[in-house]
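We count ligands from 1, going down the list as the structure has it; atoms in each ligand are counted the same way. The figures here come from the full heavy-atom set of this structure, side chains too, leaving out hydrogens, waters and symmetry mates.
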Amino acid sequence: MISVPKPYLRPELQARSTFDTTVAPVASIPTIDVNMLVSMESKGLELEKLHHACKEWGFFQLVNHGVSSSVMETMKHALEEFYELPLEEKMKCKRKPDEAEGYGAVIGTGGKLDWGDRFYIQTNPLNRRNQRLFSELPSSLRNNFESYILEMQKLAMKLLGFIAEVLNIGLQEIKEMFDDGMQSVRMTYYPPCPQPELVVGFTPHSDATAITILNQINGVDGLEIKKDGAWIPIAFLPDALVVNIGDILEIMSNGFYKSIEHKVTVNSQKERKTIAFFVNPKFEAEIGPVTCLLSPTNPPKYRRIVMEQYVNQYFTKKLYGKSYLELMKIKPEDQTTVLDGNHSGY
Ligand SMILES: O=C(O)CCC(=O)C(=O)O
Ligand SMILES: [Fe+2]
């Protein structure tokens, strides 16, 4: 008997899950150690590992990331307290129709629902913050949130610096694009589901970001990534964060790094809680393949677009999988325009 409400039924998305024990074990995403990246002796090799991880997997576990454990702990508790609040309290932060920010269930493709509640909020730049939403946050969450954001910002800039180094992009160029960039956070609560095989926790998608730093705060797995056509479950290492390449870095690297589709599977026993921190260029920055990576043999594969416009378009499109990135690709019929030099920036 089916006990899951109809809008949540998505059995077609679960068919190939490798959580199925009949599927042979598969290799998992690489692990990158920040201590090794900063130590002179190990830096070279670890940078190579990072490059391989971004190119072949688009996902990696990050250990010794340096985020203060007390900040991680207090944020976890504050978020757990938030989820435990009565619904009417949480609904003070409710997402309004046609707005991206706020708390609530998310309606996906064809009016279907994902098995999880999400709270999405833009955190940077400060002048774009939704003051109403911030003021509705319970004070413990609001206070801890600020320290968490600062730690994530520090880590993100460090990571982008390493990525710039391996891609041979000038650090200054990256700093100019990302300093005071657009950043946002999605906190997701996945309750246990009596029939997890009939639902999906998060519809397959790629992140529209440059990078995403994912924190699985209560140690329950469920993330799966698509590699070579198969869904691979990610077992988070203790205290690790999981980082993934988003569409913007795929565009900037001219497709050298891939933004990988991922989804979330839920389970019948345990709830799962995550915080995703999204790192993007500033609104005024122009996104496009980084000029120093381009050559006659490596012509631009993606369009150039100002971040502000990229974000606005993103929120008005109905998205599935990597559909937004597809829109950014230069099609063969556009090539003449680019070669004619009418396309900005080359
Ligand atoms: O909760 C997770 O594991 C993934 C969340 C995610 O993919 C997202 O927020 O974009
Ligand atoms: Fe995601």
Compare all side-chain heavy atoms of E99 with those of K94 and state whether any distance is below 4.5 angstrom.
no

With side chains defined as the heavy atoms from C-beta onward, is the minimum distance between N215 and Y148 less than 4.5 Å?
yes

For H262, what is the atom name of its N, O or S atom nearest to the Fe ion (ligand 2)?
NE2

Would you mind checking which non-hydrogen protein atom is closest to atom 1 (O) of ligand 1, with the distance to 0.1 Å?
Y190 OH, 2.6 Å

I need the single residue from I217, N267, L223 that forms a side-chain contact (heavy atoms from CB on, under 4.5 Å) with R272. Which is it?
L223

Would T188 count as a polar contact of ligand 1, with the cut-off being nitrogen or oxygen pairs under 3.5 Å?
no

Which residue and atom name correspond to the protein heavy atom nearest atom 9 (O) of ligand 1, and how close is it?
R186 NE, 2.9 Å

Compute the centroid of each ring, for Y189 and then for F119, and state whether the two points are separated by less than 6.0 Å.
no

Is D207 reaching over with its side chain to a backbone N or O of N244, donor-acceptor style, under 3.5 angstrom?
no

Non-hydrogen atoms of H205 versus ligand 1: any pair closer than 4.0 Å?
yes

State the atoms of ligand 1, each with its element, that fall below the 4.0 Å cut-off from a heavy-atom position in A276.
9 (O)

Can you check whether D247 reaches M328 side chain to side chain, under 4.5 Å on heavy atoms?
no

Using a 4.0 Å heavy-atom cut-off, which part of Y189 comes near ligand 1: side chain, backbone, both, or neither?
neither

Side chain, backbone, both or neither: which part of R272 comes within less than 4.0 Å of ligand 1 when only heavy atoms are counted?
side chain

State which residue, out of E261, K263, H262, fulfils the side chain to side chain donor-acceptor pair (under 3.5 Å) condition with H205.
H262

Do the ring planes of Y83 and Y103 sit parallel (below 30°), tilted (30 to 60°) or perpendicular (above 60°)?
tilted

Going by the order shown, which atoms of ligand 1 are within less than 4.0 Å of some heavy atom of V264?
1 (O), 2 (C), 3 (O), 4 (C)

Quick one: which ligand 1 atoms are inside 4.0 Å of a heavy atom on H262?
7 (O)

Pairwise side-chain contact, H51 with Y257, heavy-atom cut-off 4.5 Å (strictly under):
yes

Taking non-hydrogen atoms only, is T212 closer than 4.0 angstrom to ligand 1 via side chain, backbone, both or neither?
neither

In D207, the N, O or S atom nearest to the Fe ion (ligand 2) is which?
OD1

Answer yes or no for K263: is there a heavy-atom contact with ligand 1 below 4.0 Å?
no

